[in-house]
Protein chains: 2
Amino acid sequence: MSPDDGRAAVDLETALAGTPAGHKEDLRLWLRMLSCATLIETEIRRRLREQFGTTLPRFDLMAQLDREPDGLTLGRISRRMMVSNGNVTALAASLVADGLVQRRAHATDRRTQFLSLTPHGRLVFELQSAAHERWIAELFASVSPRDRAALHRLLGMVKSGVRQALKGESP
Amino acid sequence: MSPDDGRAAVDLETALAGTPAGHKEDLRLWLRMLSCATLIETEIRRRLREQFGTTLPRFDLMAQLDREPDGLTLGRISRRMMVSNGNVTALAASLVADGLVQRRAHATDRRTQFLSLTPHGRLVFELQSAAHERWIAELFASVSPRDRAALHRLLGMVKSGVRQALKGESP
DNA sequence: TTCGGATAGTTCAAGCTTAAACTGTTTAAG
DNA sequence: CTTAAACAGTTTAAGCTTGAACTATCCGAA
């Protein structure tokens with residue numbers, strides 16, 4: 001990415017313009033990542049709806065709670081799910097109304113409440129979770145274990161790289 | 001869970017349950033891909049809103065039209081964007097109302113209409129598009145070109161693999 | 001010709017999502 | 001103690017998204 005000797009004029013110019021030719025490739029990479037994720041996500045949503053009559057956000061919230069038997073606060077859930085605060089409020093209300101999730105008050109902080117799965121919620125989630133895991137395995141089945149491992153590693157680099165890029169932004 | 005007295009019993013059991021141990025890795029891979037995409041997408045949405053007062057779906061629709069100066073039908077757009085038909089109807093109406101997109105009737109098929117960018121829409125999109133390309137390049141900057149290429153290739157395999165898996169489903 | 005199925009769009013209700021404004025609570029500085 | 005800032009959740013308006021039901025049109029076969 002740096003043919004420096006010879007004539008540096010072009011490189012300087014394009015660098016300053018901020019959109020060197022090679023960046024089309026980044027765009028293609030991004031669009032491919034996005035369509036990959038969308039493809040899988042759409043199918044998972046469809047199956048959750050058809051086979052369990054639920055939705056992905058509800059499943060995701062329950063998955064968070066399943067990992068933490070002691071419960072989680074709404075704020076923690078919203079950070080883990082990378083969604084807004086108000087979103088979790090509505091989602092939680094609906095799950096509580098359906099008897100899948102229960103609220104518990106914090107011992108000393110009256111602002112805070114913990115959410116956890118009810119026994120029934122735990123049962124329901126186990127069924128959904130097992131199916132979900134099978135679906136994912138099925139969708140990735142054609143990719144070799146070696147390639148899956150490589151992909152996992154590369155995505156990890158992208159994730160931390162993006163996090164890093166966003167860290168030094170506005171503060 | 002299962003306290004295994006013997007040896008092979010566990011493997012058999014878990015295999016028959018349809019959720020072999022190794023499939024947790026697929027789950028992790030999927031969650032990482034999803035959070036990667038979400039991370040980037042959220043940031044792009046934020047910048048489109050703050051810097052251009054627009055949204056990602058509007059930008060995406062205009063991007064489709066920008067690539068096809070002759071125009072596209074609503075159906076084609078919805079398939080390319082991987083969203084529902086009704087979604088495009090609403091999105092198009094809003095863009096037409098804003099003078100960014102125009103409709104044109106099909107010569108012989110009265111059901112069909114073509115959408116294309118207006119001159120003003122083309123101008124606006126060029127600005128947004130250039131910024132968008134810079135943002136993506138910026139977010140991927142910390143990943144080496146070699147790794148980006150590898151990632152692109154692997155995601156291509158996943159995409160076609162998933163498409164294949166979904167093809168032999170219900171039909 | 002006409003009838004039935006396929007196709008292009010639209011509409012609608014329901015749910016998701018967000019940013020921003022808001023309430024109530026805690027914490028820490030003065 | 002007082003007060004201001006930080007924090008946990010809630011509410012609200014606006015927009016996105018979907019699946020399903022619907023209208024209108026086209027096209028091919030009997």
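Letters A, B, ... mirror the listed sequences (proteins, then strands); counts begin at 1.
- Between D109(A) and R111(A), some side-chain heavy-atom pair lies under the 4.5 Å cut-off.
- Between E126(B) and R122(B) there is no salt bridge, since no side-chain N of the basic residue sits under 4.0 Å from a carboxylate O of the acidic one.
- Qualifying ring-ring contact (aromatic ring centres under 6.0 Å, His included) partners for H106(A), counting only residues two or more places apart in sequence or in other chains: F114(A).
- Side-chain contact between M33(A) and C36(B) is present, with heavy atoms from C-beta onward closer than 4.5 Å.
- Rounded to an integer number of Å, the gap from L115(A) CG to dG9(D) C1' is 12 Å.
- A donor-acceptor pair under 3.5 Å links the side-chain atoms of T118(A) to the main chain of L100(A), judged by distance alone.
- The shortest side-chain heavy-atom distance between W30(B) and E41(A) falls under the 4.5 Å cut-off.
- Listed pair Q113(B) / dA24(D) fails the phosphate criterion, with no side-chain N or O lying under 4.0 Å from OP1 or OP2.
- For the helix from dT1(C)-dA30(D) to dG30(C)-dC1(D), the axis fitted to the five pairs at one end and the axis fitted to the five pairs at the other end meet at an angle of 10° (nearest 10 degrees).
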Mind listing the N/O atom pairs, protein and nucleotides 14-16 of chain C, below 3.5 Å?
| unit_1 | atom_1 | unit_2 | atom_2 | d |
| --- | --- | --- | --- | --- |
| dC16(C) | OP1 | T55(A) | OG1 | 3.1 |

Side-chain donor-acceptor pairs of residues 54-63 of chain B under 3.5 Å, sequence neighbours excluded:
| unit_1 | atom_1 | unit_2 | atom_2 | d |
| --- | --- | --- | --- | --- |
| T54(B) | OG1 | R58(B) | NE | 3.4 |
| T55(B) | OG1 | R58(B) | N | 3.4 |
| R58(B) | NH1 | S94(B) | OG | 2.4 |
| R58(B) | NH1 | D98(B) | OD2 | 3.4 |
| R58(B) | NH2 | D98(B) | OD2 | 2.6 |

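- One interatomic measurement links the two molecules: CG of L56(A) to C1' of dT17(C), which rounds to 13 Å at whole-angstrom precision.
- For the pair D147(B)/R153(A), a side-chain contact is recorded, criterion being any heavy-atom separation below 4.5 Å from C-beta on.
- What separates CG of N85(B) from P of dT23(D) is a distance of 17 Å, to the nearest Å.
- At dT18(C), none of the side-chain N or O atoms of R49(B) fall inside 4.0 Å of OP1 or OP2 (strictly under the cut-off).
- Within the 3.5 Å criterion, the main-chain N or O of L39(B) finds no donor-acceptor partner in the side chain of T42(B).
- In this structure, CD of E50(B) is placed 13 Å from C1' of dA20(C), rounded to the nearest angstrom.
- Inter-residue side-chain proximity for V101(A) and V96(A) is flagged as met; some heavy-atom pair is nearer than 4.5 Å.
- For the pair T42(A) and G86(A), nearest-nucleotide mapping onto DNA chain D gives the more 5' position to G86(A).
- Proximity of R49(B) to R45(B): side-chain heavy atoms (C-beta onward) are nowhere separated by under 4.5 Å.
- Between R46(A) and E50(A), at least one side-chain N (NZ, or NE/NH1/NH2) sits under 4.0 Å from a carboxylate O, which counts as a salt bridge.
- Using a 4.0 Å cut-off on heavy atoms, the residues of residues 61-84 of chain A that approach DNA chain C are M82(A), V83(A), S84(A), listed by number.
- Proximity of a side-chain donor or acceptor of Q102(A) to a complementary backbone N or O of L117(A) within less than 3.5 Å is detected.
- Of the residues in residues 101-111 of chain A, those lying under 4.0 Å from DNA chain C by heavy-atom distance are T108(A), D109(A), R110(A), R111(A).
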